[in-house]
Amino acid sequence: QPAAPAEQPAAEQPAAEEPEMKFKVCQVTDTGGIDDKSFNATAWKGAEDAVAELGVEAKYLESQEVADYEKNLNAFIEEKCDLIITVGFLLGDATKASAEANPDFEYTIVDVSYDPVIPNVVGQVFQTDEAAFLAGYLAAATTQTGKVGTFGGLPIPPVTIFMDGFARGVMYYNEVKGTNVEVLGWDINDPEGGLFTMSFDDQTKGKEFGIQLMDEGADIIMPVAGPVGLGTAAAITERGSGYIIGVDADWVLTNPDYAPIILTSVLKKMDVTTFNVIKDAMEGNFTGGITAGTIENGGVDLAPFHELDGMVSDELKAELEDVRAKLIDGTITLSDAFKVQ
Amino acid sequence: MASTIIQRKKIETVSPTRKLVMGIVFVVISGLILLFFALNSEAEWITTFVMNPGGLERGLAGDWVLPTSLTLYVLVGLTLGMGIYQLLRGFGKQTNAILGVVVALFVFAFLTWAAGGKSLNLGGMLSSAVLLSVPITLGAFSGVLCERAGVVNIAIEGMMLMASMVGALVGSITQSLIIGLLASIAASVLLALVHAVLSIKYKINQIISGTVINIFSAGMTSYISAKFLQRYEYLNGPPIFPRFPIPLLADIPIIGPILFNQNIFVYAMFILLIVLQVALFRTRWGLRLRSVGEHPKAADTLGINVFRTRYMAVLLGGVVAGIGGAFFTLGSVGRFDEMMTAGKGYIGLAAMVFGNWTPIGSFGAGMLFGFADSIATKLSILGTTIPPQFMSMAPYITTMIVLAGIVGKGQMPAADGEPYEKE
Amino acid sequence: MTPVLELKGITKQFPGVLANDHIDLTLNKGEILVLLGENGAGKTTLMNILYGLYQPTEGEIWVEGKKIEVHSPTDAINAGIGMVHQHFMLIPVFTVTENVMLGDESTKAGGFLDPETAAQKIRHISNQYNLAVEPSAYVKDLPVGVQQRVEIIKLLYREADILIFDEPTAVLTPQEADELFVIMRELVNQGKSIIFITHKLREILDVSDRIMVVRRGKIVGETTPQEADQNKLAAMMVGREVQLDLEKSPAQLGETVLSVTDLTVTDDQKQITVDNVSLTVQSGEILGIAGVQGNGQTELVEAITGLRNPIDGKIEILGNNITHATPRQVTELGVAHVPEDRQRDGLVLSFPIYENLVLNTYYQEPYAKGVNLYYDRIYKNADQLIEDFDVRTPGASTPVGSLSGGNQQKVIIARELSRPIKFLVASQPTRGLDVGSIEYIHNRIVKKRDDGCAVMLVSPELDEIMKLSDRIAVMYRGKIIAVLDANKVTKEEVGLWMAGINPNDSKNNNRESANNQKI
Amino acid sequence: MTQDNENKHNFNKLNHVAEEVLADSTKKKSIWQTMLIPALAILTGLILGAVIIISTSEEVYTGFQQSFGAGLSASWSAVANSYSSLFKGAFGDPAYIIESLRSGDALEIRRALNPFLESLVVATPYIFAGLAVALGFRAGLFNIGVEGQLFMGAIAATYVGYSIKGLPGFIHMPLALLAGAAGGAIWGFVPGWLKAKTGGHEVINTIMMNWIAFRLTEWLLTGPMTRPNAGRIPVSPIIEKSAEIPQFFKAPIRFHLGFFIALAVAYLIYWLLFKTTWGFNLRTVGANPRAAKYAGMNIARNTIMAMTISGALAGLAGANQVLAINRSMAIGLSSGYGFDSIALALLGNSHPFGVILGALFFGVLRNGATKMMVTTAIPIDIISILQALILMFVAAPAIIRAIYRIRKPKAGDEAVVFAGSWGGNK
Ligand SMILES: Nc1ncnc2c1ncn2[C@@H]1O[C@H](COP(=O)(O)OP(=O)(O)OP(=O)(O)O)[C@@H](O)[C@H]1O
Ligand SMILES: Nc1ncnc2c1ncn2[C@@H]1O[C@H](COP(=O)(O)OP(=O)(O)OP(=O)(O)O)[C@@H](O)[C@H]1O
Ligand SMILES: [Mg+2]
Ligand SMILES: [Mg+2]
């Protein structure tokens, strides 16, 4: 990096300029911003973990609009970043273009896989419905009212894959136990429908959806809409009955205030995969392609029950283990539409 | 001296075309109910309307269990009857009210059909509608206060946004609801003061002044949020005002749970509705405030301080908008996120215009928006085939149709938006 | 005896205008003092200072021998000063009671309004001073004459002793004005003192006890009605001898230019304001439309010029049916229109003079071809007209808004009269102008007539109508109730007609020839 | 008075002649004057922005905890770092440019020169959107609906861009641009028509139309216009190569023909507004509708036309983004051009050339902010704050005059702010 002309000596803070060159990791967010409580934030956590454990330097740029993607990527090219992380399907086109134009740079992108693969990009994809399936099974086993609910932010695959897996988990439970637990907000036979807030930031909407789902009898709700889900958590807390299932990260860790109502979370471990890609790149082991998080390799999972552990009987835990095994060995198959590989 | 009293002949006020058009509208609505709902329902369907919002123990009422198609045919008959009466005789001055009734019956028919063979929590939906209307209505009240005094305020969105951020921040630091609420109000009032100074003292175009504040608030709240609130969780976790059932009233079936078992923001809305309506139209304070919005010079010649009155109105508008803003964080979700007011302030303005610059009208319009919102959610949950995007467009389209004059032209304060030049 | 009011050395400097220049004035108890002066002399400014609306640059105000500070109307009201403003200060959507009590409200406990008590007081005042008005009526529904009564009641309600009337007669018929003078006398007899502002010479001699003349911000003289006559007052006011009459040759009548048959027009509130009117104007004559403002003149003019769609009847110009024509179609037939409100209708204040001078011809040759505007020609036109019509301005690119009223009017006159026109509709062409400008514009209009143009002049100023017209049509409550020969009718008769009274009924003299209803 | 007037008259005559002769010099003076206030407004805005940066900087607080001097120097370095990186991000780093030129590496040179050209790229949609608002203001209309019109323009351009195949570029690209203009035009027409025919407030109606546009694009992108075989992600298919607005250089420089199209459109609007009968109509209707009616102009038609063209300009902003840069339509198309452009139009006094200057300024600001965020981690939202402050000072020159003790200009010299009040003038 060229040194700035020494015209303002006062500006040269000792901390600003360090002699040794650190490995530089740079993240471009989509328009949701770094604090979206969802994939941008989770991927960034991977980068921060790398700062703490591997001593890399991490920066991010928030995109405010689609045209910023390319611009921000260019800014990081100019910064000579060693690894560029992009997040979300919306950055798919821009990342591809940038990677192809700058073959000497290394990239990783969350939630997108390229076919054919681009040699300098690692696509991180997640078979989230497998974990959501477990959550659905758990919810069906736990509900008091016989109804559970889910809703999404926008009807897009990274969101609906959660909802679909969740609903299938409930249906499987019904099938096995002969019960009739109902899922509000998603019908596996109607992938064009579903309940959506059409927003990833309107938390009052999240609250409203929570209230109405509870009014219709749902007592366990899985919101797949980033921070909008926190509105739902507020609604459930206020009503004093019912539980929420978090998504992406373990909500008990990210929103400890709501620990008493968080039954579990459907983990999509973007932080872990991102961290791994950073580590590989740093050690010179970077190879382009796809890394898929599945229930089998732990890339997606169900979070621990924390405070509510007592609610989940050992028997149910065993059943969940059994379901997990069946998902892994292929006895239980999920929707082809959501197959990531 | 009575010689020049000019007695003018009046032309007939209710135009015959309007009478005819309205009649046809009623009949068409009746036809729509028949075609889309009545003929589209199975004979054995039963519609269950649950009247109790979930999670409440007080004021419970029994469910309404209705045979779906019979109900629908009754509704077809009712609306058709009103259409025919309108065509033959005409409802005269009542036409608008009857239009409201017919539209309400249509919506009821729609719900009856959509919930055919299932159950629908009508009580919950209405209770939700009340809650959803709070920020819109409070925004509209803020607008009424300002505009009745002659100051256009499109900065309500910005004021609410800033209030919600500051409420979350201060509420989190102090963990006190009251201090958080007061801080919200203070923040909003500060912006109102800026608007007042710019538009009253410096006499700059009031829409521009409002735009300045909206851009500033969007920038400032996002900036603070990105720099502090999202980084340090302890700065973004204020407490939330709990539900507070009003003794006795909360036990009334149906109405109790919907209106009287809510949090203080809902009550604030009702209290402000009554207080503002009475104060504006029945007190000295209101007479003076309105005079300043109608004819500031005349008010000035009678010793009313136009500037002071306008400042007071705008600052009070700031207080009301501040309460509306606090609703988002302290009254609803207990957390601030960028742009979380999501345009409610603008919709509040639409509600104010819709409500003809009166508190009661604004409240009605606010309820309508809230109702449209909650019905859209409800229908998505029930799984109708209409894309949710179209459901959420409904209130916007309704507003445009209403503004286009179906309900007639409103009476805007005569000096609204005009700076007062003293010399 | 100490005078009730004394103004000492009042000076008011506006940016660029010295509106009041060391004015001294005394008002004695129980007298009517007239302040006379031409437009812009500074009369209203002085009164606004007295009433606390403006702060004087210098000077003192003494009431009942005590010096007072008047920083706001409240101070003035407390000192017993009340003012009926030149432009009414009433709120149309409020009731009479609300308008009257505003600022001095009757209230019940807790600030709640008590309209009944206030209405009671209003009724009491109405009876005492013979000012009939319904307290619960909305002001917007009242005719101007009654609105004025409301204004007066407002003062009496506040128990003012010093009453200021700023041009209260502008909107009244001579008869209504006379009735107002009776009321003023009554007020004075009950111990009030009055300052009465006007520039109508006739009224002054009728009503005043004392007359002070203001010119260009200074008091230039004092006189009494006994010592003065109209010519003397006019000379004092303007500062030179004025020709109150106009030299004018007899009309050379030509073809019929305008013919209106059974025309009915409504106003914005859909009320019929022009009621079955028929009239004609021939080339070479000036038809004056007399009438108190608000009797349908505005709507009549708007209908003829295409600005308003009539609901019934027919309008023809030079044989073309223009009943439902657009303003542009009317203009293109050779019609010029001097609108009654120059700033509202006739000019775009933020535009430069040169654009205002082509406001309705910009799209025609030579200024435009297709969509292209030729600004060099537009400038040239402006320079020419500024020269020809003596518009006083720093340059053609000055925004019209920064010209004085008279010069703004000259811009309109220049634009309208410089075209080859066959018909001129002039609505209050000299409203608010000083004597010099009035003379100039009157001459221009008469010259157009002499060139064979038909002219329709609408004015509530009887003097103007009498001076210019060849025929006079009187409009009353939307109807033309008389068409009179200007050479054979007196001012008083026209005044009576304007009030809706047929002078022939009472006098029964031999003037029926003037009253032939040929319309 | 007559005497006085006589003198005044003669003097004025002289003046007039002088004016003719010196027409140019007087104009220069007035341009200087009109530029002074915005320039000082920008300066003041930047100063206040610095205050905000300092008062929200943790380093400054820790600095002041150590010592007053450390606090001051931390304050200075916070501001200096921010603004110098803003400058470098917007115009390029002089040292880097020299170094790259010396190295002669084409890619390095492109990277070094990119910041300035990128500012022009960012400015381009601002020019279109700013023109849209400005044209509305000139016609007495407050178009808050630029954002929605921009979305509709982008959607229409995208559709034409990908659905028509096999056209040569010189036909396809202009066609797609026109489609964009048409998409925005429809969205402007509706509130224009409602205003003209029913008197409905265009402010409220355009706000409503914005929401409808957002919902409609969401629906289109997840439904009828979604990219095939991509799951249901809300992204349209990629437009054909032939529909692209060409870029002039290789990556990373995105500088493209759209910038010059924007300049040309700005000139066109200038010509329309100030050199044609049509513009005369429109400005008259905007400045005094009653006088316009009196002068025989059709107010309803002008209102509808103005809103339609305003919408078309906004539509071009959206089309430009899709055709030149994004190459497909997705949610998150705009970071709020529609709202920023209100500020921008006012900054440019609703004059097309002023709009260009304002757009360049906003482009510089926003582009520079990216660099500022990379180097100092100051949230990009600071830009909105600056915009608001600057707009405030531009709209209230009295404040600026009070701060800098500038004397009030003569009446008429002051630039008129062209903006309708509530619901315009009816
Ligand atoms: N607010 C003001 N600012 C600047 N100049 C003013 C203002 N008000 C009045 N003037 C100027 O002061 C002068 C006196 O005006 P004023 O209204 O007192 O006249 P007037 O005698 O009442 O005239 P008229 O008969 O037309 O009512 C005029 O030149 C007028 O233009
Ligand atoms: N309210 C006002 N604010 C600022 N300037 C004003 C105001 N009213 C009038 N002026 C200015 O004061 C000057 C005198 O205006 P005024 O209309 O009184 O002129 P006048 O002497 O009556 O001339 P004319 O005979 O042409 O009507 C003009 O230059 C005008 O621009
Ligand atoms: Mg006056
Ligand atoms: Mg004058």
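In what follows, chains are A, B, ... by sequence order, proteins preceding strands, each numbered from 1. This one's a predicted model, so the numbers in the text were calculated from it and none came from an experiment.
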Crowding at [atom1], [X] (>12 non-hydrogen neighbours, <6.0 Å):
{"X": "B:Arg308", "atom1": "CZ", "answer": "no"}
{"X": "B:Phe270", "atom1": "CZ", "answer": "yes"}
{"X": "B:Ile24", "atom1": "CD1", "answer": "yes"}
{"X": "B:Lys201", "atom1": "NZ", "answer": "no"}

When B:Ala298, B:Ala414, B:Ala299 are compared by non-hydrogen pairs under 4.5 Å with chain C, the top option: B:Ala298
Euclidean distance, B:His295 NE2 relative to C:Asn99 CG, rounded to 0.5 Å: 9.0 Å
To the nearest 0.5 Å, how far apart are NZ in B:Lys297 and CE in C:Met89? 5.0 Å
If you tally heavy-atom pairs under 4.5 Å against chain B, which of [options] wins?
{"options": "C:Glu105, C:Arg158, C:Lys108", "result": "C:Glu105"}
{"options": "C:Pro92, C:Ser106, C:Gly111", "result": "C:Gly111"}
{"options": "C:Asn48, C:Thr74, C:Asp114", "result": "C:Thr74"}

Checking [X] against chain B: side chain, backbone, both or neither under 4.5 Å from a heavy atom?
{"X": "C:Lys154", "result": "side chain"}
{"X": "C:Ile77", "result": "side chain"}
{"X": "C:Phe112", "result": "both"}
{"X": "C:Thr107", "result": "side chain"}
{"X": "C:Leu142", "result": "neither"}

Just to be sure I understand the criterion: a residue of residues 272-292 of chain B counts if one of its heavy atoms is under 4.5 Å from a heavy atom of chain C. Which ones qualify? B:Val278, B:Arg282, B:Thr283, B:Arg284, B:Leu287, B:Arg288, B:Arg290, B:Ser291
Could you note down all residue pairs passing salt bridge (Lys or Arg N to Asp or Glu O under 4.0 Å) where residues 132-147 of chain C supplies at least one of them, sequence neighbours left out? none
Any side-chain heavy atom of B:Leu302 sitting closer than 4.5 Å to one from C:Asp104? no
Quick check: do B:Asp300 and C:Pro73 have side-chain heavy atoms less than 4.5 Å from each other? yes
